[in-house]
Number of protein chains: 2
Amino acid sequence: MRPSEAPTLEEVARVAGVSRSTVSRVINNLPGVSKRAKVAVDQAITELRYVPNQAARNLVTRRTNSIALVVSEHGDRVFSDPFFAKILRGVYAGMADSRRQLVLLMDQTRDDSTLADYLCGGHVDGAIVVSLHGRDPLPARLVSAGLPAVLVGRPLADVEVPYVDSDNLAGSLAAARHLVGLGRRRIASIAGPADMAVGIDRLAGWQRGMAEAGRPDDLVAYSDFSVDGGAAAMAELLEEHPDIDAVFAAADIIAVGALRTLSERGKRVPEDVAVVGFDDSVLATTTTPKLTTVRQDIEELGRTTTARLLAQLSAEADLPRSLLLPTRLVVRESA
Amino acid sequence: MRPSEAPTLEEVARVAGVSRSTVSRVINNLPGVSKRAKVAVDQAITELRYVPNQAARNLVTRRTNSIALVVSEHGDRVFSDPFFAKILRGVYAGMADSRRQLVLLMDQTRDDSTLADYLCGGHVDGAIVVSLHGRDPLPARLVSAGLPAVLVGRPLADVEVPYVDSDNLAGSLAAARHLVGLGRRRIASIAGPADMAVGIDRLAGWQRGMAEAGRPDDLVAYSDFSVDGGAAAMAELLEEHPDIDAVFAAADIIAVGALRTLSERGKRVPEDVAVVGFDDSVLATTTTPKLTTVRQDIEELGRTTTARLLAQLSAEADLPRSLLLPTRLVVRESA
DNA sequence: CTGAAAGCGCTTACAG
DNA sequence: CTGAAAGCGCTTACAG
């Protein structure tokens, strides 16, 4: 970049009539600089349009001032999933004051090992890992390499990595209790993928709710996070249990599919079947009837994860291992 | 990171029994290394789990091996806009083979000047700028600083920056001709924002189509890229010109709004009013009737822009200043 | 084909 | 409060 044009700290020192040490102190806001020297340096900096060379800085400080956002998911889903977009927004908001840069990494580009090598190769000071799928070996590798990392979402593998997650269990428990409280007798659930913590936890919450109320907890069908998946799961449930009068879907998008099937089968919502979703996404208010759902704040999830990582990087003491963010039931029309 | 644990090139040299120069040559695949030396070095590298220090490398080579993706848009739109997600996917795909990293920057964090300073401060080797809005001063600043940059989308300001864009004019001209060919007499357009190249170009294409056919080109209403905007613009058009029998909307999302208004007014599509959109987004096939629209490949836009930048970074000669990607009409049911 | 040496632009003890 | 000096870990002419 602009070979010899770029002024160095050395030149600033010369222009300001001080030593390199002093210039460095001014730049880094270190104490022990006379006002006179500071003024001279500041003036020289603006005069020369000096910008510190980041590489030289990194080399000596052994820090890069950048953190990685690793989206541990192959293929297309990442980009089309609004979840990712919200996380990104939260991460960005969380970094706003930190003067750090965000390096985006997805392992569609590099294979897992290359990705880990890269992360551990001193390119970044820390990593935020969005673990969308099952038991990824990456977190364990980061830990063993000593790279500060925080996960978005509870990992399935039993690794000693801090994570931040929505309180999925409490949220789905609240949904279950709501349906019980409505006097529903045959309460089913369309669970999310069984290989994702988010699927497991939301199912567990519903199961606990059923157990509390002395209801059976085996009216379950599984679905991926798609409308069609939800529709198929709902059809499956109705096939086996035509008397179902309530269903808790592990995501709004699944609930949308369930609504479609119910409508096709001539079931009225909520009169015949009450439906509760999860997420409180934009979908929730565009359906007819509007969806009762469990609200989670995904952007906050990204922000908190970032804050947790930054705190760790500043070596703050007594950091909580992991955090759960509250979820709450939003009652609308469907249940 | 891992203070003194990380092995250096020096240690690799010692273990391999060669000089640092030789190790460096092996690492960088430079010619002039005996097979014997190469084997010894490779072995030492794996033995020590050596990873080159990027900062040291950057310092001496004056390159960072990273490029910036600058999303020049404040606030929330970026993240919720599927356009951005597709661009990101394309950019990522375009970088797949390049061993470079992507640094994501949005000026919601840093003010414009800080952003430009950062970009020109030697942090990145080049920049891809997604210019979603009007006449951003950023491209000009990058050019004057000598930072290689390529824009996604034609800039409004007259700067000497290469850009890659969809051929919006040809696409909307095709749409206009299609409506004319259908025998429609009163053809309107809902244009996009007048301060965005994409809005201007799509309107221009439609106008040219009208001119060709000797039709008036003043049946125009403006809208932002939203359903509600499209609905309002359609209402406005019908108010002033109740005899409209065709409308070209500058985006599918606008067309969706138009369809809503037409349906509310009891107008049948395409019998009473033919509708053509732009984008061929997912929306196009979920509407009733399915949307005739102009297809653009946004992911390809991101990929091509990235390829253009990488070519520039490798100092390839005779690069085209800018590129237009083809668009084509996809005829479905609405026109 | 190989190595000794200079140097990239900073920060950081250290001595004053 | 200030400066001279060492050193971070590489690459790159240069000389052999």
Side-chain angles (χ1 to χ4, degrees), chain A residues 1-42 44-45 48-66 99 120-125, chain B residues 1-42 44-45 48-66 99 120-125:
Chain A
M1 260 11 42
R2 299 147 302 140
S4 47
E5 299 171 35
T8 68
L9 189 147
E10 177 102 45
E11 301 176 51
V12 174
R14 192 166 45 227
V15 170
V18 298
S19 71
R20 301 202 316 240
S21 313
T22 298
V23 176
S24 179
R25 287 185 193 105
V26 171
I27 290 170
N28 295 292
N29 266 315
L30 259 35
V33 179
S34 67
K35 179 157 286 176
R36 215 173 73 80
K38 178 167 165 41
V39 170
V41 170
D42 282 337
I45 286 176
L48 295 173
R49 301 180 127 266
Y50 169 74
V51 181
N53 178 306
Q54 199 57 41
R57 239 176 184 171
N58 294 349
L59 178 57
V60 54
T61 60
R62 307 186 149 284
R63 301 198 311 126
T64 65
N65 284 320
S66 67
R99 278 211 141 317
C120 304
H123 289 77
V124 296
D125 298 333
Chain B
M1 252 32 22
R2 297 149 302 137
S4 46
E5 298 172 35
T8 68
L9 190 147
E10 176 102 47
E11 301 175 49
V12 174
R14 192 165 47 225
V15 171
V18 298
S19 71
R20 302 200 317 238
S21 312
T22 299
V23 177
S24 179
R25 288 186 192 104
V26 172
I27 290 170
N28 294 293
N29 268 315
L30 259 34
V33 180
S34 67
K35 179 156 288 177
R36 214 172 74 80
K38 176 167 166 42
V39 170
V41 170
D42 281 337
I45 286 175
L48 295 174
R49 302 178 126 270
Y50 170 74
V51 181
N53 179 307
Q54 199 58 40
R57 240 176 184 171
N58 294 348
L59 178 57
V60 53
T61 60
R62 306 185 150 284
R63 301 198 312 126
T64 65
N65 284 318
S66 67
R99 276 212 140 319
C120 304
H123 290 76
V124 296
D125 297 334

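Only heavy atoms go into these numbers, but all of them, side chains included; no hydrogens, no water, no symmetry mates. Letters A, B, ... are given to chains in the order of the sequence lines, protein chains preceding strands, and every chain is numbered from 1.
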NA contact type, A:Ala55, heavy-atom cut-off 4.0 Å: base, sugar-phosphate, or nothing? nothing

For D:dT2, does OP1 or OP2 lie under 4.0 Å from any side-chain N or O of A:Thr22? no

Has A:Ser19 got a side-chain N or O lying under 4.0 Å from the OP1 or OP2 atom of D:dT2? no

Given the rule in the side chain to side chain contact (heavy atoms under 4.5 Å, CB included) test, do B:Arg57 and B:Asn28 qualify, once you have shown the distances and angles that lead to the verdict? CA-CA 11 Å; B:Arg57 240 176 184 171; B:Asn28 294 293; 3.2 Å; yes

Supply the atom-to-atom distance [X] [atom1] to [Y] [atom2], rounded to the nearest 0.5 angstrom.
X	Y	atom1	atom2	result
B:Thr64	A:Gln54	OG1	CD	10.5 Å
A:Ser19	A:Glu10	OG	CD	10.0 Å
B:Asp42	B:Ile27	CG	CD1	9.5 Å

Per nearest nucleotide of DNA chain C, the residue lying toward the 5' end, B:Arg36 or B:Leu59, is B:Arg36

Go along nucleotides 10-16 of chain C 5' to 3' and tag each nucleotide: B for a protein heavy atom under 4.0 Å from its base, S when only backbone or sugar atoms are that close, - otherwise. BBBB---

When you look at B:Arg25 and B:Val18, which way does the side chain to side chain contact (heavy atoms under 4.5 Å, CB included) test go after all the steps? CA-CA 11 Å; B:Arg25 288 186 192 104; B:Val18 298; over 6 Å; no

Any strand is fair game: report the nucleotide pairing with D:dG3 by Watson-Crick or G-U wobble, both distances under 3.5 Å, or none. C:dC14

Does A:Glu11 form a side chain to side chain contact (heavy atoms under 4.5 Å, CB included) with A:Thr8? I'd like the steps, not just the answer. CA-CA 5 Å; A:Glu11 301 176 51; A:Thr8 68; 3.8 Å; yes

